[in-house]
**Student:** 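Dropping a structure here in structure tokens format, bear with me for questions.
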Amino acid sequence: MRTIKYTNQVSLVFPSRSANEAFARSAAAAFAAQLDPTLDELGDVKTAVSEAVTNAIVHAYPDIIGKVELKLRIYPGNELELIIRDWGVGIPDIDQARTPLYTTGSEERSGMGFTIMESFMDSVKVKSVAGKGTTVTLRKRFALRAGGKV
Ligand SMILES: Nc1ncnc2c1ncn2[C@@H]1O[C@H](COP(=O)(O)OP(=O)(O)O)[C@@H](O)[C@H]1O
Ligand SMILES: [Mg+2]
């Protein structure tokens, strides 16, 4: 658990429809804009959130439309936290799921989603309970630039 209090937060809840992946990606980038990111940094956030939300849409609810939550938080020190939560099927073996190229999906899935999140974020935490759902927590610290706010 974090003891430092976040200084800003938004929470978005949406159904696991594929159209909402682009919405979540853009919303995360819009929220992150207050950290004065570079375009590269924004691209990293968009890519990572896109992978996590796509997983909630595709894997958590394979046959139904379920609820997905995206929480965006800012912590002192220019740190962004993104929490992607679903109440879907859960992940039976998290270490296995995080292994590069591992997928339970169909052929168009690369099995690289978690690996991509890890490469673009400073940290990736996954909590999951089979039958109850999954929470993915992504964190990234942004460089402080002249003129930027904390
Ligand atoms: N939110 C989730 N709910 C249930 N299973 C998930 C979730 N996210 C990931 N997984 C499982 O982890 C595997 C690996 O995910 P990922 O690395 O993104 O690769 P891919 O999505 O291409 O399969 C998925 O194939 C799926 O079995
Ligand atoms: Mg994936």
Side-chain angles (χ1 to χ4, degrees), residues 1-35 37-75 78-143:
M1 276 297 282
R2 304 203 107 198
T3 48
I4 304 171
K5 189 92 176 92
Y6 48 83
T7 55
N8 197 7
Q9 166 177 253
V10 299
S11 173
L12 301 162
V13 177
F14 50 88
S16 60
R17 298 195 183 279
S18 54
N20 289 331
E21 182 271 316
F23 167 73
R25 182 159 33 103
S26 300
F31 184 78
Q34 65 197 285
L35 292 171
T38 63
L39 281 179
D40 275 358
E41 286 170 334
L42 267 190
D44 293 353
V45 168
K46 284 164 115 173
T47 303
V49 85
S50 162
E51 291 296 335
V53 170
T54 299
N55 281 352
I57 291 171
V58 171
H59 300 300
Y61 303 108
D63 304 315
I64 56 161
I65 296 293
K67 184 167 88 166
V68 181
E69 182 177 35
L70 171 64
K71 263 190 208 163
L72 304 163
R73 289 174 173 167
I74 287 168
Y75 285 88
N78 241 26
E79 193 179 9
L80 179 69
E81 181 179 69
L82 307 104
I83 302 169
I84 299 90
R85 183 168 185 199
D86 67 64
W87 289 263
V89 297
I91 302 175
D93 183 337
I94 293 171
D95 286 342
Q96 182 185 45
R98 293 179 70 147
T99 305
L101 301 175
Y102 176 83
T103 182
T104 56
S106 54
E107 265 174 25
E108 78 257 29
R109 303 286 151 211
S110 66
M112 292 301 285
F114 281 122
T115 307
I116 289 167
M117 290 179 233
E118 282 162 10
S119 72
F120 286 119
M121 295 287 114
D122 296 337
S123 78
V124 177
K125 282 194 188 144
V126 184
K127 278 192 200 163
S128 193
V129 180
K132 298 251 182 214
T134 300
T135 303
V136 175
T137 302
L138 308 172
R139 291 205 186 106
K140 188 176 180 70
R141 193 179 287 278
F142 290 72

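As a basis for the values below, the full set of heavy atoms in this structure was taken, side chains included, without hydrogen atoms, waters or symmetry mates. Indexing begins at 1, ligand by ligand and atom by atom, following the structure's order. What you are looking at is a predicted structure, and each value in this text was computed from that prediction instead of being measured.
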**Student:** Hey, which of His59, Arg25, Glu21 is the one that makes side-chain contact (heavy atoms from CB on, under 4.5 Å) with Thr54?
**Tutor:**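 It is Glu21, the one option of His59, Arg25, Glu21 that forms the side-chain contact (heavy atoms from CB on, under 4.5 Å) with Thr54.
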
**Student:** Return yes if some donor-acceptor pair links the side-chain N/O of Thr99 with the main-chain N/O of Tyr102 below 3.5 Å, else return no.
**Tutor:**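 Here the side-chain-to-backbone pair does not exist.
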
**Student:** How far is atom 27 (O) of ligand 1 from its nearest protein heavy atom, and which residue and atom is that?
**Tutor:**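 Heavy-atom neighbour on the protein nearest atom 27 (O) of ligand 1: Thr104 OG1, 2.5 Å.
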
**Student:** Looking only at protein heavy atoms, which one is nearest to atom 1 (N) of ligand 1, and what is the separation?
**Tutor:**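 For atom 1 (N) of ligand 1, the nearest protein heavy atom is Asp86 OD2, 2.9 Å.
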
**Student:** Below 4.0 angstrom from a heavy atom of Ser110, which ligand 1 atoms are there? Numbered from 1 as shown, please.
**Tutor:**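 With Ser110 as reference, the close atoms of ligand 1 come out as 22 (O).
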
**Student:** Identify, for atom 12 (O) of ligand 1, the protein heavy atom at the shortest distance, and state residue, atom and that distance.
**Tutor:**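 For atom 12 (O) of ligand 1, the nearest protein heavy atom is Ala97 CB, 3.4 Å.
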
**Student:** Quick one: does any side-chain atom of Asn20 pair with a main-chain N or O of Phe23 as donor and acceptor, under 3.5 Å?
**Tutor:**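 No: the side chain of Asn20 does not pair with the backbone of Phe23.
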
**Student:** In terms of residue, atom name and distance, what is the protein heavy atom nearest to atom 16 (P) of ligand 1?
**Tutor:**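 Its nearest protein heavy-atom neighbour is Gly113 N, 3.5 Å.
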
**Student:** Considering only the protein, which heavy-atom contact is closest to atom 4 (C) of ligand 1, and what is its distance?
**Tutor:**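 Atom 4 (C) of ligand 1 sits closest to the protein heavy atom Gly90 O, 3.5 Å.
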
**Student:** Evaluate side-chain contact (heavy atoms from CB on, under 4.5 Å) for Arg73 paired with Lys71, printing each intermediate quantity in order.
**Tutor:** CA-CA 7 Å; Arg73 289 174 173 167; Lys71 263 190 208 163; 3.8 Å; yes

**Student:** Please check: side-chain N/O of Gln34 versus main-chain N/O of Phe31, any donor-acceptor pairing under 3.5 Å?
**Tutor:**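 Yes.
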
**Student:** Ligand 1 and Ile91, any nitrogen or oxygen pair closer than 3.5 angstrom?
**Tutor:**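 Looking only at distances, the answer is no, because the N/O contact criterion of under 3.5 Å is not met.
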
**Student:** Heavy atoms only: give me the nearest Glu69-Ser11 pair and the separation to one decimal.
**Tutor:**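 Scanning both residues, the minimum pair turns out to be OE2-OG, 2.8 Å.
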
**Student:** Rounded to the nearest 0.5 Å, what separates atom CZ in Arg141 from atom CG in Asp122?
**Tutor:**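 Going from CZ on Arg141 over to CG on Asp122, the span is 8.0 Å.
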
**Student:** Heavy atom to atom 23 (O) of ligand 1, shortest distance: which of Ile57, Ile84, Ile94, Thr103 holds it?
**Tutor:**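 Comparing heavy atoms across Ile57, Ile84, Ile94, Thr103, the nearest one to atom 23 (O) of ligand 1 lies in Thr103.
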
**Student:** Given 3.5 Å as the limit, does a donor-acceptor pair link the side chain of Thr7 with the main chain of Ile74, or not?
**Tutor:**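 Flag set: sc Thr7 to bb Ile74 pair under 3.5 Å.
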
**Student:** Please identify which atoms of ligand 1 are closer than 4.0 Å to at least one heavy atom of Tyr102.
**Tutor:**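 Per the distance check, 14 (C), 19 (O).
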
**Student:** Sort by chain and number the protein N/O/S atoms found under 2.8 Å from the Mg ion (ligand 2).
**Tutor:**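 Listed by chain and number, the nearby protein N, O or S atoms are Asn55 OD1.
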
**Student:** Can you check whether Trp87's main-chain N or O pairs, donor with acceptor, with Tyr61's side chain at less than 3.5 Å?
**Tutor:**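 Such a contact is found between Tyr61 side chain and Trp87 backbone.
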
**Student:** Under 3.5 Å, N or O to N or O, is Met117 touching ligand 1 that way?
**Tutor:**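 In fact, backbone or side chain, Met117 has no N or O that close.
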
**Student:** Is the contact between Val58 and ligand 1 made by the side chain, the backbone, both, or neither, using heavy atoms and a 4.0 Å cut-off?
**Tutor:**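 No part of Val58 is near ligand 1 at this cut-off.
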
**Student:** Check contact between Gly111 and ligand 1, using heavy atoms of the residue and a distance below 4.0 angstrom.
**Tutor:**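 Yes, that is the case, since the closest heavy atom of the residue is under 4.0 Å from the ligand.
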
**Student:** Can you name the salt bridge (charged side-chain N to carboxylate O under 4.0 Å, His left out) partners of Lys140, sequence neighbours left out?
**Tutor:**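 If we apply the salt bridge (charged side-chain N to carboxylate O under 4.0 Å, His left out) test to Lys140, skipping adjacent residues, the hits are Asp44.
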
**Student:** For side-chain contact (heavy atoms from CB on, under 4.5 Å), just list the numbers for Asp86 and Lys132, CA-CA rounded to whole Å, side-chain angles, deciding distance to a tenth of an Å, and then say yes or no.
**Tutor:** CA-CA 8 Å; Asp86 67 64; Lys132 298 251 182 214; over 6 Å; no

**Student:** Do ligand 1 and Thr115 have nitrogen or oxygen atoms that lie under 3.5 Å from each other?
**Tutor:**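 No - when backbone and side-chain N and O of Thr115 are compared with those of ligand 1, no distance drops under 3.5 Å.
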
**Student:** Looking at ligand 1, does any of its N/O atoms fall within less than 3.5 Å of an N/O of Glu51?
**Tutor:**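 Looking only at distances, the answer is no, because the N/O contact criterion of under 3.5 Å is not met.
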
**Student:** Counting only N and O atoms by type, is there a donor-acceptor contact under 3.5 Å from the side chain of Ser16 to the main-chain atoms of Gly66?
**Tutor:**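 Answer holds: yes.
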
**Student:** Any atoms of ligand 1 less than 4.0 Å from a non-hydrogen atom of Arg109? List them with their elements.
**Tutor:**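 Answer, ordered by atom number: 22 (O), 23 (O).
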
**Student:** More than 12 foreign heavy atoms under 6.0 Å from CG of Leu39: is that the case here?
**Tutor:**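 No, CG of Leu39 has 12 or fewer neighbouring heavy atoms, counting only those of other groups under 6.0 Å.
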
**Student:** Hey, are Glu81 and Tyr75 close enough side-chain-wise for a donor-acceptor pair under 3.5 Å?
**Tutor:**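 Side chains of Tyr75 and Glu81: pair found under 3.5 Å.
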
**Student:** Considering only the protein, which heavy-atom contact is closest to atom 21 (O) of ligand 1, and what is its distance?
**Tutor:**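 Answer for atom 21 (O) of ligand 1: His59 NE2, 2.7 Å.
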
**Student:** I need the nearest protein heavy-atom contact for atom 8 (N) of ligand 1: residue, atom name and distance, please.
**Tutor:**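 Closest protein heavy atom to atom 8 (N) of ligand 1: Asn55 CB, 3.3 Å.
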
